[in-house]
Amino acid sequence: MIPYRKTVWASSAHLFMGLFIAGCGGGSPGSGPGNAATPQAVLLRGHVHGGQSPVASSAVTLYTVNPGAAATVVTTAQTDGKGDFTLNFTCSSPGLNNSSLLYITSNGGNPGGGNNNALSEMVALGACGSLPAFANISEVTTVAAAYALSGFTTVSGTAPNLTVNVQASSTNTTGLVNAFNTAAALADPTTGQFPAALATSQAAAQQRVNTLANSVAACVNTTGAASAQCGELFQCALPSASFDSGTSSCSGGTGTAPGDTLSAALSVAHNAGIVSITGIYDAATKNVVFSPALVEGAPTDWTMQLIFTGGGLYSPTGIAIDASGDVWVANNGNYSVTELNSSGAAVAGSPFTGGGLHNPYAIAIDASGDVWVTNNSGNSVTKLDSTGAAVAGSPFRGGGLSYPRSIAIDASGNAWVPNQNTSSVTELSSNGTAVASSPFSGGGLDSPVGIAIDASGNAWVANEGSYSVSKLNSSGQSVPGSPFTGGGLFDPDAVAIDVSGNVWVANTGGSNSITELKLSGSPVVGSPYTGGGLSNPGSIAIDGSGNVWVVSESGNSITELDSSGAVRTPGTGISGTGFSEPTSAAIDASGNVWAANNFNSTVTELVGAAAPTRTPLVATITPGQGFAP
């Protein structure tokens with residue numbers, strides 16, 4: 001098992017063959033009232049290309065995704081001598097409808113120099129009712145699918161007899177649909193290349209996609225796993241592998257090396273910060289087919305980064321994800337809130353400026369889709385509905401609100417807000433009125449800044465003034481032992497709760513560390529954790545597998561820790577041109593990590609870097625709520 005964290009030549013004739021749909025799932029052109037609708041076959045033609053050559057005699061499989069269950073095979077085919085194939089099916093066949101998500105794999109075949117059983121490629125097509133005009137399977141579509149669908153995809157069997165299973169929880173259809181959309185954004189399923197429309201706005205992502213595609217192509221254009229190119233790719237794709245430039249090979253690494261190209265791409269996507277970065281880059285130089293690609297050496301990591309600038313983003317500070325996968329951002333610089341859809345495009349009407357927004361800082365979304373925003377210098381909380389309109393009574397100023405820095409929503413829909421100026425915590429009901437006895441001031445609260453709610457409704461609060469963490473029960477009363485000071489707490493800022501109920505705290509002071517506490521408040525052995533680029537760490541987000549993602553504002557980076565606190569990023573963290581004083585992070589149901597960059601007024605998305613996670617984040621991620629791969 002591989003540990004989880006987790007230029008195509010298409011002739012004009014190929015492109016014009018297209019996809020013929022005559023009423024997929026509907027009637028024939030002459031059907032009308034009283035005439036039975038006759039489902040007609042979908043004739044999907046496509047092409048498999050490997051590096052410099054078409055792939056002949058490759059086994060092509062069309063799969064459909066099933067909610068909560070393994071994917072099933074719809075139909076199969078084999079490529080001819082020119083790499084072409086035809087698939088016949090109908091969108092109304094048993095187990096299919098127009099919304100059914102489809103993907104194609106190709107395994108084995110001859111890319112020109114002999115049979116290569118290690119060849120495995122993939123393209124994510126999308127919904128059956130809106131299939132592309134042509135399916136072009138390439139290394140680029142393989143890399144795009146591996147990243148976008150990394151949290152949902154497993155490969156089993158022995159090459160070339162592989163089963164590629166894309167599977168999501170029955171309650172995470174939205175995350176899977178959005179992931180398919182992201183795959184199409186990284187590689188056009190019709191052309192098999194990075195979309196030309198994104199080449200300017202996402203030039204860095206294009207270079208990474210093409211470079212990784214070249215590393216896969218280096219193996220594809222050989223006769224199999226025994227080749228030096230495949231050996232280099234497979235071994236270097238393992239976590240902790242070590243590269244030897246003299247022999248152009250990797251050694252060591254954790255787990256068993258992949259035996260096919262798709263599994264290798266998935267391993268890199270799952271372990272983007274800890275594979276052999278240099279080794280994968282070296283593999284990509286052995287068969288430069290796709291361009292533009294990286295040419296000035298290996299990057300610091302192999303995360304796939306997309307950068308977005310629309311919707312009125314201006315000095316953003318807080319970020320949160322709603323149930324549809326839309327990204328909501330508090331813009332501290334222009335007193336507004338931006339909404340981006342799951343593809344990063346600004347939603348109509350964005351930015352929103354109503355409801356008394358005044359230096360908005362933190363943001364949270366409740367189970368009804370309403371958006372709660374703290375106004376730190378406005379000493380208030382703004383509430384917007386899911387359309388961005390201010391709700392009646394907003395902004396709310398009751399309950400002792402005074403320089404609120406963060407906000408968390410409990411299972412009852414109440415909002416909890418720490419007040420830094422008055423060392424207290426305010427609780428607002430779902431309609432914005434202060435609950436009885438609010439604000440709360442017990443439990444050692446001292447200049448509180450960060451807050452999170454556990455599965456039992458307890459509020460955990462980071463105290464910047466006393467280097468401690470307070471714990472209040474659901475009634476706002478302090479629990480015995482509060483405040484807690486162990487585990488290396490030092491100038492604590494943000495707080496998050498993991499799937500096991502442990503409490504993670506970012507220490508922003510000179511310690512540059514992360515503290516982990518048990519539910520009892522006692523520190524976990526080994527805490528605090530350091531390294532991996534932690535530098536003035538702030539916001540913490542935890543994914544569905546319990547991995548911890550921390551933004552470092554002064555380090556212009558993100559650090560990933562596993563559930564045991566082990567670092568999963570390079571010494572400088574995950575960095576790149578997309579990070580500029582990141583202040584907060586959130587994870588969506590597709591497994592994408594989103595970060596708000598305060599300095600350059602952008603939002604960065606790390607495609608498929610995390611395990612899919614339930615949104616919105618209400619109370620906490622309790623066991624069974626996360627969407628682990």
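We're numbering straight along the sequence, starting at 1. Below, each value reflects all heavy atoms present in this structure, side chains not excepted, and no hydrogens, waters or symmetry copies.
Across F308, W328, F579, a single residue satisfies ring-ring contact (aromatic ring centres under 6.0 Å, His included) together with W594, and that is F308.
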- prompt: For L186 and L306, what are the C-alpha separation, side-chain angles and deciding distance, and is it a side-chain contact (heavy atoms from CB on, under 4.5 Å)?
  reply: CA-CA 10 Å; L186 291 175; L306 299 176; 4.1 Å; yes
- prompt: For V216 and N214, what are the C-alpha separation, side-chain angles and deciding distance, and is it a side-chain contact (heavy atoms from CB on, under 4.5 Å)?
  reply: CA-CA 5 Å; V216 174; N214 287 335; over 6 Å; no
- request: Apply side-chain contact (heavy atoms from CB on, under 4.5 Å) to the pair I363 and T374, showing each step before the final yes or no.
  value: CA-CA 7 Å; I363 192 166; T374 62; over 6 Å; no
query: Going through the distances and angles, do T142 and T261 end up as a side-chain contact (heavy atoms from CB on, under 4.5 Å)?
result: CA-CA 9 Å; T142 301; T261 54; 5.6 Å; no
- request: Report the C-alpha separation of D370 and S368 in whole Å, then their side-chain angles, then the decisive distance to 0.1 Å, and conclude whether the side-chain hydrogen bond (donor to acceptor under 3.5 Å, both in side chains) test is met.
  value: CA-CA 6 Å; D370 292 332; S368 298; 5.1 Å; no
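A donor-acceptor contact closer than 3.5 angstrom links the side chains of N597 and T604. Looking only at atom types and distance, the side chain of N375 has a donor-acceptor partner in the side chain of S380 under 3.5 Å away. If you check the side chains of N512 and S535, you find no donor sitting under 3.5 Å from an acceptor. The closest side-chain donor-acceptor pair between S545 and N547, if any, does not fall under 3.5 angstrom. Counted by atom type alone, Q305 and T303 present one or more donor-acceptor pairs between their side chains at under 3.5 Å. Inspection of the D491 and T508 side chains reveals an N or O donor paired with an N or O acceptor under 3.5 Å. Side-chain polar atoms of T338 and N331 form a donor-acceptor pair below 3.5 angstrom. Checked by atom type, the side-chain pair N178/S590 shows no donor-acceptor distance below 3.5 Å. Defined by atom type and a distance below 3.5 Å, a donor-acceptor pair is missing between the side-chain atoms of T278 and S276. Side-chain contact annotation: T572 with T300, donor-acceptor N/O pair under 3.5 Å absent.
Here the side chain of N172 pairs a donor or acceptor atom with the backbone of A589 at under 3.5 angstrom. Put simply, the side chain of S130 never gets that close to the backbone of G126: no donor and acceptor are under 3.5 Å apart. At distances below 3.5 Å, at least one donor-acceptor pair connects side-chain atoms of S584 with backbone N or O atoms of T317. With hydrogens and angles disregarded, no donor-acceptor distance shorter than 3.5 Å links the side chain of N376 to the backbone of P404. Looking at T382, its side chain never comes within 3.5 Å of a backbone N or O of V373 through a donor-acceptor pair. Side-chain N or O atoms of T211 include one that pairs as donor or acceptor with a backbone N or O of Q207 at under 3.5 Å. With hydrogens and angles ignored, the 3.5 Å screen pairs a side-chain donor or acceptor of T64 with a backbone N or O of L101. At distances below 3.5 Å, not a single donor-acceptor pair connects side-chain atoms of N210 with backbone N or O atoms of F290. Listed for the N536 side chain is no donor-acceptor partner under 3.5 Å among the backbone atoms of E553. No donor-acceptor pair closer than 3.5 Å links the side chain of S138 to the backbone N or O of H49.
A 4.5 Å side-chain heavy-atom check between L313 and V603 finds at least one atom pair inside the cut-off. Looking only at side-chain heavy atoms (C-beta outward), T602 and S580 stay at 4.5 Å or farther from each other. Proximity of I280 to V268: side-chain heavy atoms (C-beta onward) are separated by under 4.5 Å at one or more points. At a threshold of 4.5 Å between non-hydrogen side-chain atoms, the residues P360 and Y335 count as touching. Residues Q193 and T141 form no side-chain contact, since every pair of their non-hydrogen atoms from C-beta on lies 4.5 Å or further apart. Inter-residue side-chain proximity for L262 and V164 is flagged as met; some heavy-atom pair is nearer than 4.5 Å. For the pair W549 and T559, the minimum side-chain heavy-atom distance is 4.5 Å or more. Put simply, the side chain of V417 does not reach to within 4.5 Å of the side chain of I451, judged on heavy atoms.
Between R614 and D588 there is no salt bridge, since none of the side-chain N atoms of the basic residue sits less than 4.0 Å from a carboxylate O of the acidic one.
In terms of heavy atoms, A596 sits closest to V329 at CB-CG1, 4.3 Å.
Summarising the geometry, atom CD1 belonging to I514 is positioned 6.5 Å from atom CG belonging to N507; distances are rounded to the nearest 0.5 Å.
Residues meeting the ring-ring contact (aromatic ring centres under 6.0 Å, His included) test with Y361, sequence neighbours left out: none.
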